[in-house]
Amino acid sequence: MTASRIVVARRNRDQEAGRRHVITVNRAFDDAGTGSLPAPLAALGEAVEVRRQPAPGGRGTEFSVRAVSGKVSAGEIRRALREARSELEIGYVLLPGGPTTRPTPLNKPLREATAHGREGGLL
């Protein structure tokens with residue numbers, strides 16, 4: 001069973017290597033499509049390839065990111081795209097509020113979900 005999990009994990013990692021992650025930002029291409037990259041995407045550096053183009057129907061700017069090497073995970077790319085969209089649309093990155101109580105075993109799942117929420121799900 002462990003061997004099959006390792007094989008599946010390797011196969012998934014290989015499939016993720018060339019996958020493009022795309023997000024649409026509600027800013028005109030003239031504003032967001034030219035100039036330097038937003039800080040979250042620029043922080044990934046040479047480990048990713050970033051393409052910008054006008055979104056279909058004039059609905060903003062489309063950012064497409066693909067990992068060039070195995071140094072960046074899909075979760076890191078997804079987090080950077082979400083933070084870049086937030087930065088471009090409202091000017092700063094919205095962060096969830098911290099827990100209102102001290103850390104306990106009962107609120108650990110909520111703390112984990114908050115810490116890794118931007119890495120998964122639909123873009």
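The structure presented is a predicted model; accordingly, all values stated were derived computationally and were not measured.
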Open item on the list: Is any side-chain heavy atom of Pro56 closer than 4.5 Å to one of Glu62?
Closed with: yes
Open item on the list: So does Thr104 get a backbone contact from the side chain of Arg111, meaning a donor-acceptor N/O pair under 3.5 Å?
Closed with: yes
Open item on the list: Under the rule for salt bridge (Lys or Arg N to Asp or Glu O under 4.0 Å), what residues qualify as partners of Glu89, not counting sequence neighbours?
Closed with: none
Open item on the list: As an exercise, state the distance from CZ of Arg19 to CZ of Arg66, rounded to the nearest 0.5 Å.
Closed with: 13.5 Å
Open item on the list: On a heavy-atom basis, which atom in Pro40 and which in Ala84 lie closest, and how many Å separate them?
Closed with: CG-N, 3.8 Å
Task: Same apolar cluster: Ile23 and Phe29, side chain cutoff 4.5 Å - done: no
Task: With sequence neighbours excluded, residues passing side-chain hydrogen bond (donor to acceptor under 3.5 Å, both in side chains) with Ser64 - done: Arg20
Task: Heavy atoms of other groups near Glu46 CD, more than 12 under 6.0 Å - done: no
- [ ] Spell out, yes or no, whether Val50 and Val72 are grouped together once hydrophobic residues are joined by side-chain heavy atoms under 4.5 Å, including indirect joins.
- [x] yes
TODO: Under the salt bridge (Lys or Arg N to Asp or Glu O under 4.0 Å) rule, collect the residues that match up with Arg59, sequence neighbours excluded.
DONE: none
Open item on the list: How close do Ala39 and Glu87 get, counting heavy atoms only, and between which atoms?
Closed with: N-OE2, 3.4 Å
Task: Spatial distance of atom CZ (Arg79) from atom NE2 (His21) [nearest 0.5 Å] - done: 14.0 Å
TODO: Please check if the side chain of Thr61 supplies one atom and the backbone of Arg27 the other of a donor-acceptor pair under 3.5 Å.
DONE: yes
Task: From Arg82 atom CZ to Ile77 atom CD1, the distance as rounded to the nearest 0.5 Å - done: 12.5 Å
TODO: Take Val48 and Leu41 through the test side-chain contact (heavy atoms from CB on, under 4.5 Å) and record every step on the way to the result.
DONE: CA-CA 9 Å; Val48 296; Leu41 291 176; over 6 Å; no
Task: Between CG on residue Asp31 and CG on residue Asn26, distance to nearest 0.5 Å - done: 10.5 Å
